[in-house]
Amino acid sequence: MKKVLEEELIYEILSVVEEIPEGTVASYGQIARLIGRDRNARLVGRVLSMAQFYGNYPCHRVVNHAGRTAPGWGQQRFLLEEEGVIFKDNGCVDMKKCQWDCE
DNA sequence: GCGGTGACGGCCT
DNA sequence: AAGGCCGCCACCG
């Protein structure tokens with residue numbers, strides 16, 4: 001029953017994403033590490049893409065390690081800016097100030 | 001079973 | 001974290 005494990009993975013990811021405070025962003029690897037799947041960061045991204053279909057989760061607060069927003073989803077930048085997240089001219093988030101401190 | 005791809009990460013420049 | 005390169009893991013044809 002791997003399907004159950006898959007749903008558990010989704011639940012863990014969504015739980016972490018739900019914990020991300022406003023005006024802050026987290027990287028896929030950050031979340032992946034919190035759920036014990038540090039090598040499966042890509043899977044986190046895949047789940048996040050489906051997360052918006054699963055429910056109203058702040059998946060827009062999740063970016064890659066470069067601070068870049070998801071491709072094919074330009075509105076994400078707008079949503080983050082509205083929450084107070086600083087974006088650089090090249091389209092990267094100011095991680096130094098806005099990266100979520102999950103400690 | 002194989003090869004290519006990706007909402008990625010880490011190291012190097 | 002600004003850009004380039006290689007490596008990992010899971011999914012798809």
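Within every chain, numbering begins at 1; the chains are lettered A, B, ... in the order of the sequence lines, protein sequences first and strands thereafter. On a predicted model such as this, the values are computed, not experimentally measured, just so you know.
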Write down the distance between [atom1] ([X]) and [atom2] ([N]), rounded to a whole number of angstrom.
X      : N      : atom1 : atom2 : value
N64(A) : dG4(C) : CG    : C1'   : 15 Å
H65(A) : dA1(C) : NE2   : P     : 11 Å
I35(A) : dC9(C) : CD1   : P     : 15 Å
D89(A) : dG3(C) : CG    : P     : 11 Å
I31(A) : dG9(B) : CD1   : C1'   : 14 Å
R68(A) : dG6(B) : CZ    : C1'   : 16 Å
N40(A) : dA7(B) : CG    : C1'   : 15 Å
M95(A) : dG9(B) : CE    : C1'   : 12 Å

Once you apply a heavy-atom cut-off of 4.0 Å, does [X] come out as touching a base, just sugar-phosphate, or nothing?
X      : result
A70(A) : base
N90(A) : sugar-phosphate
R46(A) : sugar-phosphate
R39(A) : sugar-phosphate
Q99(A) : nothing

_Test item: Q52(A) side-chain N/O and S49(A) main-chain N/O as donor-acceptor pair under 3.5 Å_ =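 Checking the backbone N and O of S49(A) against the side chain of Q52(A), a donor-acceptor pair under 3.5 Å is found.
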*asked:* I want to confirm an ordering. Mapping L43(A) and A66(A) to their closest nucleotides on DNA chain B, which one lands closer to the 5' end?
replied: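 Its nearest nucleotide lies further toward 5', so the answer is L43(A).
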Would you mind reporting whether [Y] and [X] have side-chain heavy atoms less than 4.5 Å apart?
X       : Y      : value
L9(A)   : N40(A) : no
W100(A) : V16(A) : yes
V63(A)  : R68(A) : no
V85(A)  : L79(A) : no

*Which listed nucleotide (dG10(B), dA1(C), dC8(B)) is nearest to the side chain of R33(A)?*
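The answer is dG10(B).
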*asked:* Let's test this: given Watson-Crick or G-U wobble pairing with both distances under 3.5 Å, identify the partner of dC11(B).
replied: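 dG4(C) is the nucleotide pairing with dC11(B).
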